[in-house]
Number of protein chains: 2
Amino acid sequence: MKLSTRGRYGLKAMYQLALHYGEGPIPLNTIADKQGLSENYLEQLVSTLRREGFLNSVRGAQGGYMLAKSPKDITVGDILRVLEGDMAPADCVVDHNVICEKEEVCVTKLVWMQIKDSINNVIDSISLQDMLDEQVKMDKEKLKV
Amino acid sequence: MKLSTRGRYGLKAMYQLALHYGEGPIPLNTIADKQGLSENYLEQLVSTLRREGFLNSVRGAQGGYMLAKSPKDITVGDILRVLEGDMAPADCVVDHNVICEKEEVCVTKLVWMQIKDSINNVIDSISLQDMLDEQVKMDKEKLKV
DNA sequence: AGAATACCAAGCGATTTAGTTGGAATTAAA
DNA sequence: TTTAATTCCAACTAAATCGCTTGGTATTCT
């Protein structure tokens, strides 16, 4: 039940961009460097996020990427679903799936649905803005000590 | 974020055994047939569950497997953790892990922790007995219609 | 003109998954 | 006492997936 690097790196990259929201385009190599990721690999993830409308890009020198919406309007769920697909622990509870129509007997399906719902509740309730706020809170805590 | 077949088949097998709890050993081929799984593959999963104390076995003719405890004392979480490992979406939130001690900066880690906690809450709250009860409820609903 | 960037598609080694195969040990039943 | 049914164990394997890398094109600022 692990996330792949797609989801994990993708969230890190989006968080990095949230940190600089409103400051114009940030080039990919900067993001990759700050988060310690392969630029070439990250490119694939970022290109998906752009196609899905969560990022804007500017080509050419001084170009880069920026969030397409405010950090408060992008959730962890948005990002993970784009990069990892539907967050379902089994194929039979993937949205709009057609297979497995023998719902009558399958008690295990109820279990997978509950897992899926709880995951989605969490990730849809956390926005990038929430993560920024959390970071600020953590920094304050650290100062006290 | 999919479960592997280990967790999925394993839960089905354990549920099948719960259906016949107290009736003596059930041979593996019966379980495999009823749930439509490969007997040889299932053997590996079942052997893990036995080693971890959730199943008892009887060797020889008329032998088979049976739950080592009452269905109400075995949770979905028990089964999934044995077969899938710690239910953590990322390595940095696996129990007792040593890597990633840079907790101070990593906001994403907080996200993975919340996902992990919500998954574990769900799977630890569902016992095999709950699944049996659910099945009974579903059967009753069906009769009404 | 040149450098810095985004964009695109294909390839690729390593690992994991989902089994299979082949056998040895044990036990009930014929 | 043989035979059939079963658990138990370890090794092997084909296919898929993962986590990238490579190589190139298009665009835009300086």
Side-chain angles (χ1 to χ4, degrees), chain A residues 1-13 16-17 20 23-68 80 83-85 89-91, chain B residues 1-13 16-17 20 23-68 80 83-86 89-91 94:
Chain A
M1 270 291 271
K2 289 277 184 300
L3 283 165
S4 73
T5 54
R6 292 178 62 84
R8 288 188 286 121
Y9 294 2
L11 181 59
K12 285 191 175 199
Q16 186 65 40
L17 285 169
H20 298 284
E23 299 177 16
I26 315 273
L28 200 54
N29 63 51
T30 305
I31 306 171
D33 287 353
K34 293 252 173 131
Q35 295 287 341
L37 309 172
S38 147
E39 179 184 351
N40 287 324
Y41 184 45
L42 194 53
E43 193 185 302
Q44 295 176 26
L45 316 183
V46 148
S47 122
T48 306
L49 288 161
R50 184 182 57 87
R51 259 181 280 121
E52 297 296 326
F54 296 104
L55 288 180
N56 290 330
S57 63
V58 178
R59 299 182 72 164
Q62 314 308 115
Y65 293 93
M66 50 222 260
L67 297 186
L80 293 185
L83 294 172
E84 298 271 345
D91 282 335
Chain B
M1 270 290 271
K2 289 278 183 301
L3 284 165
S4 72
T5 53
R6 292 180 60 84
R8 289 188 286 119
Y9 294 1
L11 182 59
K12 285 192 174 199
Q16 186 64 40
L17 285 168
H20 298 284
E23 301 176 14
I26 314 273
L28 200 53
N29 63 52
T30 305
I31 307 171
D33 286 354
K34 293 250 173 132
Q35 295 287 340
L37 309 171
S38 147
E39 180 185 349
N40 287 323
Y41 184 45
L42 194 52
E43 192 185 302
Q44 295 177 29
L45 316 183
V46 148
S47 122
T48 307
L49 288 161
R50 184 182 58 86
R51 259 181 281 120
E52 299 295 327
F54 296 103
L55 288 180
N56 290 331
S57 63
V58 177
R59 299 183 73 168
Q62 313 307 114
Y65 293 92
M66 50 222 258
L67 298 187
L80 293 184
L83 294 172
E84 298 272 344
D86 196 28
D91 282 334
V94 165

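Computed from a predicted model, the values in this text were never measured in an experiment.
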Spacing of B:L45 atom CG relative to C:dA18 atom C1', expressed in whole Å: 10 Å
Whole-Å gap separating P (C:dT20) and CD (B:E39): 11 Å
Residues which pass side-chain hydrogen bond (donor to acceptor under 3.5 Å, both in side chains) with A:S4, listed by chain and number, not counting sequence neighbours: A:E84
Per A:Y41 side chain, nearest of listed nucleotides D:dG19, C:dA28, C:dC7: D:dG19
Flag for A:T5-A:Y41: side-chain donor and acceptor within less than 3.5 Å: yes
Pair up each side-chain donor or acceptor in residues 42-67 of chain B with any protein partner under 3.5 Å, not counting sequence neighbours, and list the distances.
residue, atom, partner, partner atom, Å
B:S47, OG, B:R51, NH2, 3.1
B:T48, OG1, B:Q44, O, 3.0

Rounded distance (Å) that lies between atom P of C:dA29 and atom CD of B:Q62: 5 Å
Member of A:K34, A:E39, A:Q35 meeting the side chain to side chain contact (heavy atoms under 4.5 Å, CB included) criterion with A:L37: A:Q35
Closest contact, heavy atoms only, A:S38 versus A:A32: C-CB, 4.4 Å
Residues within residues 46-55 of chain A bordering DNA chain C, heavy-atom distance below 4.0 Å: A:R50
Inter-residue atom distance B:L11.CG - B:R6.CZ, 0.5 Å rounding: 14.0 Å
Given C:dA6, C:dT20, D:dC20, the nucleotide with the shortest approach to the side chain of B:S38: C:dT20
Between P of C:dA18 and CZ of B:R6, the distance in whole Å: 10 Å
Distance, rounded to the nearest Å, where A:N56 contributes CG and C:dT5 contributes C1': 16 Å
From A:L28 atom CG to A:N40 atom CG, the distance as rounded to the nearest 0.5 Å: 8.5 Å
Between CD on residue B:Q16 and NZ on residue B:K12, distance to nearest 0.5 Å: 10.5 Å
Whole-Å distance separating the CE atom of A:M66 from the C1' atom of C:dT5: 15 Å
Whole-Å gap separating C1' (C:dT16) and CD (B:E84): 12 Å
Between C1' of C:dC7 and CG of A:L42, the distance in whole Å: 14 Å
Distance test, side-chain N/O of B:T5 to OP1/OP2 of C:dA18, below 4.0 Å: yes
Please list, pair by pair, any protein nitrogen or oxygen found under 3.5 Å from a nitrogen or oxygen in nucleotides 22-27 of chain D.
residue, atom, partner, partner atom, Å
D:dA26, N3, A:R59, NH2, 3.2

Below 4.0 Å: OP1/OP2 of C:dT5 and any side-chain N or O of A:S57: no
With sequence neighbours excluded, residues passing salt bridge (charged side-chain N to carboxylate O under 4.0 Å, His left out) with B:D33: none
Side-chain N,O (B:Y9) to OP1/OP2 (C:dG19) below 4.0 Å: yes
First of A:V58 and A:L3 reached from the 5' end of DNA chain D, by closest nucleotide: A:L3
